[in-house]
Amino acid sequence: MKITFYGHACLGIQIKDIHILVDTFISGNEKASSIDIESLKADYILVTHAHQDHTLDVEAIAKRTGAIIVSNYEIVAHYKSLGLEGHPMNHGGSWDFEFGKLKYVNAIHSSSFPDGSYGGQPGGFIIEGEHKNIYIAGDTALTIDMKLIPMQTKLDLAILPIGDNFTMGINDAILASDFVECDKILGYHFDTFGYIEIDHEVAKRKFFDKDKDLMLLDIGESINL
Ligand code: NI
Ligand code: MN
């Protein structure tokens with residue numbers, strides 16, 4: 001499993017020859033200007049919630065690639081009404097896709113489209129694929145529901161928001177990694193806007209002091225699990 005950071009909360013996940021994008025927000029992110037959105041491959045686009053900083057490029061990429069949009073029922077219904085392909089889910093539900101098993105899990109946040117229309121309830125994803133299990137938290141507060149995850153899934157990586165203000169900050173993300181029982185963390189949802197700027201060294205040290213590994217990737221950088 002190869003994971004690429006495209007800035008903010010946008011990820012590319014490659015499992016075998018299947019390309020998955022998560023929360024595509026690139027054209028509106030000045031910090032991600034090095035990413036050529038036209039060159040991104042997508043068989044699936046996962047959407048955690050409807051906010052613009054997670055959905056801005058969904059329509060354009062799905063139109064170009066024919067990718068299947070996977071999200072909550074309301075978000076998928078929105079994109080289907082635009083003529084795009086989608087697979088609706090809701091909290092607690094799993095589905096066996098060609099890349100592996102995907103579960104839509106709880107997040108504590110909000111989820112409206114930029115025009116204010118209803119975007120269902122926000123969520124996160126657990127992907128079990130190629131013998132690796134990852135948790136993509138989405139925008140969320142620390143929530144006790146995270147403790148349910150390790151009861152069924154042994155995670156290899158937890159992707160957690162760490163920028164504070166709109167989501168968990170560093171200290172809550174450390175507790176979240178305890179809750180999900182995974183000490184390997186990829187941080188996201190930081191630095192994009194003034195409200196969520198963080199000190200990288202302080203963040204890494206705080207995790208390190210708890211015997212945890214916080215990875216912060218450059219935009220366009222990848223890791224292999
Ligand atoms: Ni949000
Ligand atoms: Mn967000």
Side-chain angles (χ1 to χ4, degrees), residues 3-13 20-33 35 37 40 45-62 69-79 86 88-91 104-127 134-143 145-146 157-173 176-177 180 185-198 200 203 214-219:
I3 300 170
T4 305
F5 180 56
Y6 289 121
H8 195 51
C10 184
L11 304 163
I13 299 170
I20 302 163
L21 293 175
V22 182
D23 285 358
T24 49
F25 173 74
I26 295 166
S27 65
N29 182 1
E30 283 174 23
K31 291 188 157 66
S33 58
I35 304 299
I37 195 171
L40 296 180
I45 301 173
L46 310 187
V47 182
T48 61
H49 66 293
H51 286 161
Q52 188 172 43
D53 59 317
H54 299 256
T55 57
L56 182 66
D57 298 319
V58 170
E59 191 178 338
I61 295 174
I69 296 160
V70 183
S71 188
N72 66 36
Y73 181 84
E74 290 81 3
I75 289 172
V76 169
H78 167 85
Y79 287 113
M89 299 184 75
N90 220 323
H91 300 89
Y104 192 62
V105 296
N106 296 349
I108 303 285
H109 192 66
S110 56
S111 176
S112 49
F113 284 99
D115 66 359
S117 62
Y118 181 54
Q121 294 292 312
F125 293 101
I126 294 167
I127 301 176
I134 67 170
Y135 169 47
I136 301 167
D139 284 10
T140 185
L142 178 66
T143 163
D145 289 353
M146 292 168 177
L157 179 71
I159 302 174
L160 303 176
I162 55 170
D164 218 332
N165 191 75
F166 297 115
T167 67
M168 295 188 285
I170 304 294
N171 295 337
D172 282 0
S177 71
V180 300
I185 298 101
L186 175 62
Y188 77 166
H189 212 276
F190 63 92
D191 281 1
T192 319
F193 326 109
Y195 289 123
I196 60 174
E197 280 172 6
I198 64 163
H200 295 200
L214 173 69
M215 289 178 286
L216 301 178
L217 300 179
D218 290 333
I219 293 175

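In listed order, ligands and their atoms are each counted from 1.
Counting just the N/O/S atoms of His51, the one with the shortest distance to the Ni ion (ligand 1) is named ND1. Within His109, the N/O/S atom positioned nearest the Ni ion (ligand 1) carries the name NE2. Asp139 contributes atom OD2 as its closest N/O/S atom to the Ni ion (ligand 1).
A donor-acceptor pair under 3.5 Å is formed between the side chain of Thr140 and the backbone N or O of Ile108. For the pair Asp23 (side chain) and Leu11 (backbone), a donor-acceptor distance under 3.5 Å is absent.
Protein nitrogen, oxygen and sulfur atoms, that is N, O or S, within less than 2.8 Å of the Mn ion (ligand 2) amount to 4.
When the shell of 6.0 Å around CZ of Phe166 is examined, it contains more than 12 heavy atoms from other residues, nucleotides or ligands.
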Next item on the list: Give the intermediate values and the outcome of ring pair (Phe, Tyr, Trp, His ring centres under 6.0 Å) for residues Tyr188 and Phe5.
Entry: CA-CA 8 Å; Tyr188 77 166; Phe5 180 56; 7.5 Å; no

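Looking only at atom types and distance, the side chain of Ser110 has a donor-acceptor partner in the side chain of His51 under 3.5 Å away. A donor-acceptor contact closer than 3.5 angstrom links the side chains of Asp53 and His8.
With a cut-off of 2.8 Å, the Ni ion (ligand 1) has no N, O or S atom of His54 in range.
Using a 30° and 60° split on the angle between ring planes, Tyr104 and His91 fall in the tilted class, from 30° to 60°.
Each of Thr4, Ile136, Leu21, Leu46 was compared with Ile13 under the side chain to side chain contact (heavy atoms under 4.5 Å, CB included) criterion, and only Ile136 meets it.
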